[in-house]
**Q** 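Pasting in a structure now, in structure tokens, and then I'll have a few things to ask.
These numbers come from the heavy atoms of this one structure, side chains and all, not from hydrogens, waters or symmetry mates.
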Amino acid sequence: MPTVFLIFWAAVGVVSANYGNYTGFLSPGCIASYQRMYITRRIPPRNYQYHHEAKSPDHFNYHDDNSENSAPTIPLQWRIVGGKQVSITEVPYQVMYGKYCGGTLIAPEWVMTAAHCRDKEQYVYAGSTYRSQTIPYRICAHFIHPMWNNSNNAHFHDFDYQLLLLETPIPITPNSRPIAIGSLEDTVPGAMAAVSGWGHTKYKQGKMEDVVRRVFVPIIPFEVCRKLPNKNYHNITPRMFCAGLKNGTKDSCQGDSGGPAVVNGKLVGLVSFGVGCAVQNQPGVYSNIPLMRDWIRSVTALPL
């Protein structure tokens, strides 16, 4: 049956008009999901474990990816800057949105990514350490936060949030598992955030890498970040936080956009923007996810 194009108005069901109008490509396989989520608002009880529930608490204690016990190294090129190769079983919530942005699995049918990754891609890819071996899952609809590029006197990357509804749920396996959303207490300065993806390691150079990587970076106090020399940090908003090392060396980079920042095994941020990659006094900036819990609930009806 052919795919049809629909505009899903926020007035349908209980989605508030405050959350805007959304567009998407609806195949017949998506219609049942829309009926359940937006008309009846019936969400089945969760019958799977989140990432932090499937691992022991000790698993999330910070460890240096450069330690002798970390995964074997591979040549440093075109990947998360300063990180190391990991198995997808270490970051099973990590997906790709299209072929050039990251994303995070928050439920079998729902992925979070960045609004700046736009709403043109048709597939999410998941389930493998290797980018070339990931499995495609068709996107039913894109839900970009209505305040993205629509807020007065705000930073150009304010409200950098996008939700994706999938046609087919991603199976729960060791290679693909949703992650719970963290709390504001998880984003305290000094907390070590695990950032992962298939992105570059050099600014505007090279190509996406085939092996997923992860790096640990500390969250920086908000006011310290706003006072950094580069003007791009001067008007960051409370919906953002910075993470990185003062001397650079570890960071996210191109191709990691929209990917997860995780503290204590829970999602706290999405890669939003950076000024170069791993440059001294120019940390990465992440969209704050715990602040958006109510918006995520309003769109997905998930019991977060």
Side-chain angles (χ1 to χ4, degrees), residues 24-25 27 29-30 33 37 44 46-55 71 79-80 83 85-115 117-143 161-181 194-199 207-215 252 254-262 265-271 287 289 296 299-300 302 304:
F25 290 90
S27 68
C30 293
S33 292
M37 293 177 183
R46 178 165 64 94
N47 60 0
Y48 56 86
Q49 291 182 308
Y50 282 126
H51 175 61
H52 75 280
E53 296 170 334
K55 302 284 187 179
R79 291 174 279 269
I80 275 202
Q85 172 188 1
V86 294
S87 166
I88 196 65
T89 59
E90 292 295 301
V91 289
Y93 46 82
Q94 173 79 54
V95 303
M96 288 189 300
Y97 168 51
K99 287 293 187 178
Y100 301 102
C101 272
T104 307
L105 189 66
I106 63 169
E109 296 169 316
W110 287 101
V111 166
M112 282 209 76
T113 187
C117 288
R118 307 182 70 181
D119 60 356
K120 305 301 182 184
E121 301 294 341
Q122 297 184 35
Y123 292 94
V124 160
Y125 299 83
S128 177
T129 300
Y130 302 96
R131 180 171 173 266
S132 60
Q133 296 178 21
T134 51
I135 299 169
Y137 295 87
R138 188 174 179 86
I139 298 167
C140 289
H142 305 257
F143 298 81
Y161 307 100
Q162 180 175 183
L163 284 160
L164 309 172
L165 174 62
L166 305 181
E167 178 181 50
T168 304
I170 296 178
I172 308 300
T173 73
N175 291 353
S176 53
R177 181 177 296 279
I179 190 170
I181 293 172
V195 184
S196 52
W198 289 269
K207 60 183 179 179
M208 295 284 286
E209 179 55 36
D210 196 39
V211 181
V212 70
R213 294 175 71 86
R214 178 180 61 189
V215 68
S252 51
Q254 283 81 29
D256 297 320
S257 289
V262 173
K266 298 180 181 181
L267 181 67
V268 298
L270 299 178
V271 178
S287 300
I289 297 301
I296 297 168
V299 173
T300 65
L302 292 170
L304 301 175

**Q** With distance as the sole test, does E53 use its side chain to make a donor-acceptor pair with the main-chain N or O of Y50 at under 3.5 Å?
**A** yes
**Q** Yes or no on side chain to side chain contact (heavy atoms under 4.5 Å, CB included) for V111 and L163, after CA distance, side-chain angles and deciding distance?
**A** CA-CA 6 Å; V111 166; L163 284 160; over 6 Å; no
**Q** Do the side chain of D210 and the main chain of Y130 share a donor and acceptor less than 3.5 angstrom apart?
**A** no
**Q** So which atom in P260 and which in T104 form the shortest heavy-atom distance, rounded to 0.1 Å?
**A**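 Looking at all heavy atoms of both residues, the closest pair is CB-OG1, 3.2 Å.
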**Q** Any heavy-atom pair between the side chains of K266 and I181 that's under 4.5 Å?
**A** no
**Q** Evaluate whether atom OH of Y48 has more than 12 neighbouring non-hydrogen atoms of other residues, nucleotides or ligands under 6.0 angstrom away.
**A** yes
**Q** Quick one: are V195 and V215 in side-chain contact, heavy atoms under 4.5 Å?
**A**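 Counting from C-beta outward, V195 and V215 do come under 4.5 Å.
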**Q** Under 6.0 Å from the CZ atom of R46, do we count more than 12 heavy atoms belonging to anything else shown?
**A**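 Atom CZ in R46 is crowded, with more than 12 foreign heavy atoms closer than 6.0 Å.
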**Q** With a cut-off of under 6.0 Å to the ring centre and 45° to the axis, is R118 in cation-pi contact with Y100?
**A**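 Relative to the ring axis of Y100, which defines the angle, R118 lies outside at least one limit.
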**Q** For the residue pair P178 and P108, establish whether any side-chain heavy-atom pair is separated by less than 4.5 Å.
**A** yes
**Q** Is the side chain of R213 donor-acceptor paired with the backbone N or O of G197 at a distance under 3.5 Å, no angle test?
**A** no
**Q** Do the ring centers of F143 and W110 come within less than 6.0 Å of each other?
**A** yes
**Q** Between atom CD of Q85 and atom CZ of R214, what is the distance when rounded to the nearest 0.5 Å?
**A**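 The distance works out to 11.5 Å.
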**Q** Measure the spacing between CZ of R177 and NE2 of H52 and express it to the nearest 0.5 Å.
**A** 11.5 Å
**Q** Taking the side chain as everything from C-beta on, heavy atoms only, tell me whether V262 gets closer than 4.5 Å to V268.
**A** no
**Q** Closer than 3.5 angstrom, by distance alone: can the side chain of T89 be matched with the main-chain N or O of N175 as a donor-acceptor pair?
**A**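 Not a single qualifying donor-acceptor pair exists.
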**Q** Mind checking what makes side chain to side chain donor-acceptor pair (under 3.5 Å) contact with Y123, not counting sequence neighbours?
**A**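 If we apply the side chain to side chain donor-acceptor pair (under 3.5 Å) test to Y123, skipping adjacent residues, the hits are R138.
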**Q** So do the side chains of S176 and I170 get within less than 4.5 Å of each other, counting heavy atoms only?
**A** yes
**Q** Does the T113 side chain pair with the main chain of C101, one donor and one acceptor, at a distance under 3.5 Å?
**A**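 No; judged by distance alone, with no hydrogens or angles, the pair does not exist.
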**Q** Under the 6.0 Å and 45° cation-pi test, does K99 pair with Y125?
**A**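 Judged by the rule, K99 and Y125 form a cation-pi pair.
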**Q** Keeping the roles fixed (side chain from S257, backbone from V271), state whether a donor-acceptor pair exists under 3.5 Å.
**A** no
**Q** Taking all atoms of both residues into account, what is the closest heavy-atom pair of P171 and Y137, and its distance?
**A** CD-OH, 3.3 Å
**Q** For the pair V212 and R131, evaluate side chain to side chain contact (heavy atoms under 4.5 Å, CB included) and give the outcome as yes or no after the intermediate values.
**A** CA-CA 7 Å; V212 70; R131 180 171 173 266; over 6 Å; no
**Q** Can you tell me how far apart CD1 (I135) and OG1 (T168) are? Round to the nearest 0.5 Å.
**A** 11.5 Å
**Q** Taking side chain as C-beta onward, heavy atoms only, is W198 less than 4.5 Å from M96?
**A**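 Yes, their side chains come closer than 4.5 Å.
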**Q** Taking side chain as C-beta onward, heavy atoms only, is I88 less than 4.5 Å from S128?
**A**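 Contact flag for I88/S128 side chains = no.
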**Q** Once rounded to the nearest 0.5 Å, what's the spacing between atom SG of C30 and atom CD of E167?
**A** 4.5 Å
**Q** Is it true that S196 and Q94 share a donor-acceptor pair across their side chains at a distance under 3.5 Å?
**A** yes
**Q** Identify the two heavy atoms, one from A114 and one from L270, that lie closest to each other, and give their separation to 0.1 Å.
**A** N-CD1, 4.2 Å
**Q** Determine, step by step, whether M112 and Y97 satisfy the side chain to side chain contact (heavy atoms under 4.5 Å, CB included) criterion, reporting the C-alpha distance in whole Å, the side-chain angles of both residues, the deciding distance to 0.1 Å, and the verdict.
**A** CA-CA 9 Å; M112 282 209 76; Y97 168 51; over 6 Å; no
**Q** Distance check, rounded to the nearest 0.5 Å: L164 atom CG versus I139 atom CD1?
**A** 4.5 Å
**Q** In Å, rounded to the nearest 0.5 Å, how long is the span from OH of Y93 to NE2 of H51?
**A**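 Answer rounded to 0.5 Å: 5.0 Å.
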**Q** Taking the side chain as every heavy atom from C-beta outward, state whether I296 and L304 have any pair of such atoms under 4.5 Å apart.
**A**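 I296 reaches L304 side chain to side chain.
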